[in-house]
Amino acid sequence: MDLKQTALLLIDLQKESGTSDVVGMREVVQNAELLIRTCREKGIPIIYTRHIGRADGIGLANKEPVNELGAPLYYHAETENVEIIDELRPGKTDIVVDKHRYSGFYESSLELMLKSLNVKHLIVGGVLTDCCVLATVLDAYYRDYQVNLVKDMCGTTTEGAHMASILMMANWIYDLKVYDAKQMTKRIIGEDYHVWESSGPDELQFSPEDVRGIFAKLSHKVGI
């Protein structure tokens, strides 16, 4: 990972997510604070995505939950819930990309921003792991960005869905690297760190009975 061609991509860390039933949301926010602070100190660009639905319902995804007036129930554009969580508020030089589908790349300005910054590597975290994070990471891989996933800076509504999503990405995104937030911080500041990376497709095969044990391997495989 060339830090001169790296950006921190924070997915949908909005007030809507902060009030939802995301497992471990407090830890997600704390780890995001750590990475934001570290990246700012090292001059690494920081990009936020915000999921937004128009108040009049135009442009919503198929079967998007709406109220009796046809307005979105979640990420309503005319509410405070679409704003970034206060503790993670963007700085003046940070970039905020609004999106209307799960993937941060779909019909948004994200790739334009990354190309302008000459970014090749992404440090990624956010919510929900099994939804917008998964979709965005897959789209990044399709576009040949190398993704460094910070697994404890991601969260969703159940532990099982969180683990399964990360394991699926680890199995099929061949150049994915998986970190914990503290290890990524060490990587950025030039200290010894631990990272997991794949040695072959479908390496972390899992079942309902052993998923927690397989997931634990992501923290221990490679020491550098």
Side-chain angles (χ1 to χ4, degrees), residues 6-40 44-53 61 74-75 81-91 94-106 108-111 113-114 119 121-143 145-159 161-170 173 176-185 188 218:
T6 297
L8 174 63
L9 178 59
L10 301 168
I11 300 172
D12 299 359
L13 292 175
Q14 297 163 258
K15 294 180 180 180
E16 178 86 48
S17 308
T19 60
S20 64
D21 296 324
V22 175
V23 177
M25 189 64 191
R26 179 176 296 180
E27 182 184 23
V28 171
V29 172
Q30 290 173 344
N31 289 328
E33 286 183 285
L34 173 63
L35 264 297
I36 290 169
R37 184 167 60 251
T38 304
C39 287
R40 284 195 179 133
I44 295 173
I46 299 169
I47 303 175
Y48 299 75
T49 69
R50 297 193 310 171
H51 196 86
I52 294 181
Y74 308 111
Y75 300 101
N81 282 344
V82 298
E83 301 301 332
I84 302 298
I85 292 169
D86 288 339
E87 299 95 310
L88 309 176
R89 188 179 296 110
D94 297 338
I95 296 170
V96 179
V97 173
D98 290 341
K99 66 184 183 68
H100 305 285
R101 292 293 189 272
Y102 294 156
S103 172
F105 286 92
Y106 184 78
S108 78
S109 63
L110 177 57
E111 190 159 27
M113 300 297 107
L114 295 175
V119 167
H121 307 274
L122 295 172
I123 302 168
V124 178
V127 296
L128 298 170
T129 317
D130 57 343
C131 186
C132 296
V133 174
L134 176 61
T136 302
V137 168
L138 287 171
D139 266 356
Y141 181 57
Y142 303 154
R143 290 164 171 80
Y145 293 97
Q146 189 273 315
V147 176
N148 303 276
L149 185 66
V150 183
K151 71 179 193 299
D152 57 355
M153 195 169 65
C154 300
T156 191
T157 54
T158 68
E159 182 187 12
H162 170 73
M163 290 190 294
S165 301
I166 289 178
L167 288 172
M168 286 187 287
M169 287 185 272
I173 298 176
L176 185 77
K177 295 186 178 183
V178 182
Y179 294 80
D180 291 328
K182 290 181 180 178
Q183 299 303 321
M184 174 54 75
T185 299
I188 293 170
L218 292 169

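Just so it is clear, the structure is predicted and the values come from calculations on it, not from any experiment.
- When the shell of 6.0 Å around OH of Tyr74 is examined, it contains 12 or fewer heavy atoms from other residues, nucleotides or ligands.
- Side-chain contact between Val28 and Leu13 is present, with at least one heavy-atom pair separated by less than 4.5 Å.
- Under the 4.5 Å side-chain criterion, counting only non-hydrogen atoms from C-beta, Leu218 is in contact with Leu167.
- Ring geometry for Tyr102 versus His51: interplanar angle of 30 to 60°, hence tilted.
- Side-chain contact between Asn148 and Tyr179: present, with at least one pair of heavy atoms (C-beta onward) separated by less than 4.5 Å.
- Put simply, the side chain of His121 never gets that close to the backbone of Tyr145: no donor and acceptor are under 3.5 Å apart.
- Under the salt bridge (Lys or Arg N to Asp or Glu O under 4.0 Å) criterion, Arg89 pairs with Asp86, not counting sequence neighbours.
- Among all heavy-atom pairs drawn from Gly125 and Cys154, the shortest one is CA-SG, 3.7 Å.
- Between Lys99 and Leu110, the closest side-chain pair of non-hydrogen atoms is not below 4.5 Å.
- Here the side chain of Thr49 pairs no donor or acceptor atom with the backbone of Val97 at under 3.5 angstrom.
- Atom NZ of residue Lys151 and atom CD of residue Gln183 lie 9.0 Å apart, to the nearest 0.5 angstrom.
- Here the side chain of Gln14 pairs no donor or acceptor atom with the backbone of Arg50 at under 3.5 angstrom.
- Within the 4.5 Å cutoff, the side chain of Thr185 has no heavy atoms near those of the Arg37 side chain.
- Residues Val23 and Thr157 approach most closely at CG2-O, 3.4 Å, considering heavy atoms.
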How far apart are the C-alpha atoms of Leu138 and Tyr142, what are their side-chain angles, what is the distance that settles it, and do they pass the side-chain contact (heavy atoms from CB on, under 4.5 Å) test? CA-CA 6 Å; Leu138 287 171; Tyr142 303 154; 3.8 Å; yes

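- Taking CG of Asp139 as the reference point, atom OG of Ser103 lies at 3.5 Å (rounded to 0.5 Å).
- Using a 4.5 Å heavy-atom threshold, the side chains of Met184 and Leu8 count as separate.
- Between the side chain of Ser17 and the backbone N or O of Val22, no donor-acceptor pair lies under 3.5 Å.
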Which donor-acceptor pairs under 3.5 Å do the side chains of residues 126-136 make with protein atoms, sequence neighbours left out?
unit_1: Thr129; atom_1: OG1; unit_2: Gly155; atom_2: N; d: 3.0
unit_1: Thr129; atom_1: OG1; unit_2: Gly155; atom_2: O; d: 3.2
unit_1: Thr129; atom_1: OG1; unit_2: His162; atom_2: ND1; d: 2.9
unit_1: Asp130; atom_1: OD1; unit_2: Thr156; atom_2: OG1; d: 2.6
unit_1: Thr136; atom_1: OG1; unit_2: Gly104; atom_2: N; d: 2.8
unit_1: Thr136; atom_1: OG1; unit_2: Cys132; atom_2: O; d: 2.7

Apply side-chain contact (heavy atoms from CB on, under 4.5 Å) to the pair Leu9 and Val119, showing each step before the final yes or no. CA-CA 11 Å; Leu9 178 59; Val119 167; over 6 Å; no

Under the criterion side-chain contact (heavy atoms from CB on, under 4.5 Å), I'd like the reasoning laid out for Leu10 against Leu88: C-alpha separation, chi angles, the key distance, then a yes or no. CA-CA 10 Å; Leu10 301 168; Leu88 309 176; 5.9 Å; no

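- A salt bridge does not link Lys182 to Asp152: none of the charged nitrogens lies less than 4.0 Å from a carboxylate oxygen.
- When side chains are defined from C-beta on, Ile85 counts as touching Val29, because their heavy atoms get closer than 4.5 Å.
- At least one side-chain heavy atom of Leu114 sits under 4.5 Å from a side-chain heavy atom of Leu122.
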Show your reasoning for whether side-chain contact (heavy atoms from CB on, under 4.5 Å) applies to Ile188 and Ile44. CA-CA 9 Å; Ile188 293 170; Ile44 295 173; 3.9 Å; yes

